[in-house]
Amino acid sequence: MINITFPDGNVRQYDAGVTGMDIAKSLSNSLAKKVLSVSVNDEVWDSMRPINEDAAIKLFTWNDEEGKNTFWHSSAHLLAEALQNLYPGVKFTIGPAIEQGFYYDIDLPEGKSISAGDFPKIEKKMLELAKRKVTFDRQDISKADALAHYQNVGNEYKQELIDGLEDGDITFYTQGDFVDLCKGPHLPHSALVKSVKLTNVAGAYWRGDETRPQLTRIYGISFPKAALLEEYNNFVKEAKERDHRKLGQQLELFAFSDRVGAGLPLWLPKGTKLRNILQDFLMEEQRKQGYQMVMTPHLGKKELYETSGHYAKYGKDSFQPINTPKEGEEYLLKPMNCPHHCEIYKCFPLSYRDLPLRLAEFGTVYRYEQSGELNGLLRVRGFTQDDAHLFCMPDQLKDEFKAVIDLVILVFTKLGFTDFKAQISLRDPDNPGKYIGSDENWEKAERAIMEASEEKGLPTFIEYGEAAFYGPKLDFMVKDALGRSWQLGTIQVDYSLPERFKLEYIGADNQKHRPVMIHRAPFGSFERFVAVLIENCKGNFPLWLAPEQVKVLPISDKFMDYANSVKTQLETAGYRVSVDGRAEKIGRKIRDASMQKIPFQLIVGEKEAESQQVSIRRHGEGDRGSVPMSGLLEQLEAEMDGVVTA
RNA sequence: GCCGGUGUAGCUCAGUUGGCCAGAGCAGCUGAUUUGUAAUCAGCGGGUCGGCGGUUCGAAUCCGUCCACCGGCUCCA
């Protein structure tokens, strides 16, 4: 007999060799039907795998992340089996579960390709295979046998994977006729997979390395109930409606032009309004915290970037130098504002009494992004950062850093980004050549970030290899409508640039010292921030941000005078307001204002004009009834502090 | 940059296997309508079918190439 400990601390005895599924059945049959996998001492296992020793177990269903992972991983195997059927000669590589579904990377036989048009037949085959209700059988296999198997079938990818595994730690899984190198775990049987949708097909390099073969990656998602697929389809539809590219066009916020160039956004009047309001908001917060605004040009001499290290690092992959026609000097579009700000620092004879020096600029930078990378406002080639550089003494670093964390969180909270993730971006330990600066300085910088975050009680996670080339970062990540994570706010500690630019201040000891630098941008860039903001609020901006806050809709042109007087009163009170004076019916005016997502629509006709009232229609809510101007101003006032909601 | 897909009027989209002057709705313009909580009616204008080259008696449709966009990969100062 062995002791099985449950999550609630209860212990029960079972025969050795009992499976997770047996245990589930002993608790309840209805539970057993839902179990997808189990964890045994915190390791996720097949529910059909025998447990031979005392263990703590948890049962996972569709409601657990582990359960979903198991479900999707098994679905990936069904996808592979279907492809093996339909595309003889296909080579399999890896097929993991991901956040939303799964994928399988395959190498198709010469001359074959798969496109979305092939999905229906693959999906059909997968469901057919699932219905057989076969089990996923686990089998230990020696390294030699595993290699022999894949030499036999001629799959060099699996051989390479096996090369990296320990003998005695290798397992195959078999379902039906399909055998795959896999550490599991898998579902109790295939028929749990009730609906399948392949979502897209893409190229993916083997092992993520662009010098290696490009494989075909097929993405999919699957569900234990058909109704859940419906839900997923609705989510996808909803995401399309939130897409900032669609809303940006519909609400006339920004545009792109082939003639201007890819990745170079044009901000239309309404988008510019929105952006300027965001800028004013941040400028005011920064003023309160002792920042000073500066301005610098959009380009600088090549030597500037040689000093900063940018040129050596990115010069050849960037927009190429611009030459002066007579002197032949080389200038580069600026990829970052920091070199310019370092030069501003040097304009002053600074003492320790002057620090921290906080220089802020809404600086437009230009970076060459590969054509395939461009994406609406999320990834562009010219963008404006809400940049600032804080120059401080080493012992001021942590307090400054913490104040910036507060500022970023203030901004995010105000704009409704509540489910951001704070990522500590460190060096790639396998690729030290990517970075500048001494190990000692990197360690100091990394420690400063971790300590400041911890003292702020900020929950963080670490990503290696995501640091900037000159220093580690604390990045604030927010998801777009499709669930993709984007870096918005960022705070970076930098010991290198002050050294490279030989920045100094006079200390209390009358000696020269080197300052430390913090790079920070709470929004990151206006472009990306606005993109994510649009998707988060679906274009329904809070009143203080709405490019057009109020639209007055007269019932007919008899009431134009009154409508205009309402407009004037609101303008005097500082609101952005216009009148729809077209010879259209009121229903039409409401519709058009609603399509433009105007927060306050004021209907004025005979009744309102006589009683000096307005009939309020709040977008997203409906008719609020008639109130006098004072009542309207109260309602507007009450919403001006509101945060973004969707 | 790589893989796959897409590109027809300002917007959303039709255009069967290549074949009459390339269509619709919305938007726009003109006129009529003076309107009460999500589309008033009528008339009119608008497109080198993404660009260039080719195949063909004939190309929006087939082929090549370039550009842009979409989804990924790689990259990301």
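In what follows, every chain begins at residue 1, and chains take the letters A, B, ... in the order their sequences are listed.
- For A:Arg379 against B:C76, a side-chain N or O and a base N or O form a donor-acceptor pair under 3.5 Å.
- Remark: the A:Lys473 side chain and the A:Gln487 side chain contain an N/O donor-acceptor pair separated by less than 3.5 Å.
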Using a cut-off of 4.0 Å between protein heavy atoms and nucleotide atoms, how would you tag nucleotides 34-53 of chain B 5' to 3' with B, S and -?
BBBBBBB-------------

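- For the C1' atoms, the distance linking B:A38 with B:G71 amounts to 34 Å, nearest Å.
- In this structure, A:Phe256 atom CZ and B:C11 atom P are separated by 15 Å, rounded to whole Å.
- Contacts of A:Gly376 with the nucleic acid, taken as non-hydrogen atoms under 4.0 Å apart, involve only primed sugar atoms and P, OP1 or OP2.
- B:U61 and B:G7 have their P atoms separated by 12 Å, given to the nearest Å.
- Nucleotides B:C29 and B:G45 are separated by 16 Å at their P atoms, to the nearest Å.
- Comparing A:Leu374 and A:Glu466 against RNA chain B, the residue whose closest nucleotide sits nearer the 5' end is A:Leu374.
- Of the residues near RNA chain B, A:Gln492 and A:Thr216, the one whose nearest nucleotide (by heavy atom distance) lies more toward the 5' end is A:Thr216.
- Partner A:Arg379 forms a side-chain hydrogen bond (donor to acceptor under 3.5 Å, both in side chains) with one of A:Gln370, A:Glu527, A:Glu369 and no other, that one being A:Glu369.
- Under 3.5 Å, the side chains of A:Gln492 and A:Tyr470 contain a donor-acceptor pair of N or O atoms.
- Put simply, the residue from A:Val404, A:Leu390, A:Asp475, A:Ile449 that forms a side chain to side chain contact (heavy atoms under 4.5 Å, CB included) with A:Ile491 is A:Val404.
- Distance NE2 (A:His244) to C1' (B:C69): 12 Å, rounded to an integer number of Å.
- At distances below 3.5 Å, at least one donor-acceptor pair connects side-chain atoms of A:Gln596 with backbone N or O atoms of A:Gln250.
- Regarding A:Lys316, its NZ atom lies at a distance of 11 Å from the P atom of B:C76, rounded to whole Å.
- Atom CG in A:Asp107 sits about 12 Å away from atom C1' in B:C3, given to the nearest Å.
- Distance CD1 (A:Ile218) to C1' (B:C3): 12 Å, rounded to an integer number of Å.
- Checking each of A:Trp486, A:Phe529, A:Phe523 against A:Phe417 for a ring-ring contact (aromatic ring centres under 6.0 Å, His included) leaves exactly one that passes, namely A:Phe529.
- Counting any heavy atom pair closer than 4.0 Å across all strands shown, A:Ala204 reaches sugar-phosphate atoms only and no base atom.
- A close approach under 4.0 Å does occur between a side-chain nitrogen or oxygen of A:Arg484 and OP1 or OP2 of B:G71.
- Close to B:G1, at under 4.0 Å from its OP1 or OP2, lies a side-chain N or O of A:Ser371.
- At a threshold of 4.0 angstrom between heavy atoms, the contacts of A:Ser318 include nucleobase atoms, whether or not backbone atoms are also involved.
- B:A60 and B:G23 are spaced 12 Å apart, taking the C1' atom of each and rounding to whole Å.
- Among the nucleotides B:A77, B:G72, B:G4, the one closest to the side chain of A:His310 is B:A77.
- Judged purely by atom type and a 3.5 angstrom limit, A:His310 has no side-chain atom pairing as donor or acceptor with the backbone of A:Met336.
- A donor-acceptor contact under 3.5 Å is formed by the side chain of A:Tyr205 with the base of B:G1.
- A donor-acceptor pair under 3.5 Å is formed between the side chain of A:Arg500 and the backbone N or O of A:Thr307.
- A:Lys246 places its NZ atom 16 Å from the C1' atom of B:C69, with the value rounded to the nearest Å.
- Spacing of P atoms, B:G58 relative to B:C20, comes out at 14 Å, to the nearest Å.
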When Watson-Crick pairs (N1 to N3 and N6-O4 or O6-N4) and G-U wobble pairs (N1-O2 and O6-N3) count only below 3.5 Å on both distances, what is the dot-bracket string of RNA chain B, with | for other-strand pairs?
(((((((..((((.....[...)))).(((((.......))))).....(((((..]....))))))))))))....

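- Of the possible polar contacts, one joining the A:Trp72 side chain to the A:Ser222 backbone as a donor-acceptor pair under 3.5 Å is found.
- B:A77 has no stacking from A:Tyr470 on its base ring, since the centres under 5.5 angstrom apart and planes within 30 degrees of parallel are not both found.
- Taking atom P in both B:A22 and B:G46, the straight-line distance is 13 Å, to the nearest Å.
- Using C1' as the reference atom, B:A14 and B:C52 are 27 Å apart when rounded to the nearest Å.
- Judged purely by atom type and a 3.5 angstrom limit, A:Tyr562 has no side-chain atom pairing as donor or acceptor with the backbone of A:Glu606.
- Side-chain contact, A:Arg618 with A:Gln635: no donor N or O sits under 3.5 Å from an acceptor N or O.
- Listed for the A:Lys346 side chain is a donor-acceptor partner under 3.5 Å among the backbone atoms of A:Phe501.
- For the pair A:Asn200 and B:C3, the criterion of a side-chain N or O lying under 4.0 Å from OP1 or OP2 is not met.
- Note: CD (A:Glu252) to P (B:G28) measures 11 Å, nearest angstrom.
- Rounded to whole Å, the C1' atom of B:A59 lies 42 Å from the corresponding atom of B:C76.
- Of all nucleotides listed (B:C73, B:C75, B:G1), B:C73 comes nearest to the side chain of A:Arg217.
- Between A:Asp209 atom CG and B:C73 atom P the separation is 15 Å, expressed in whole Å.
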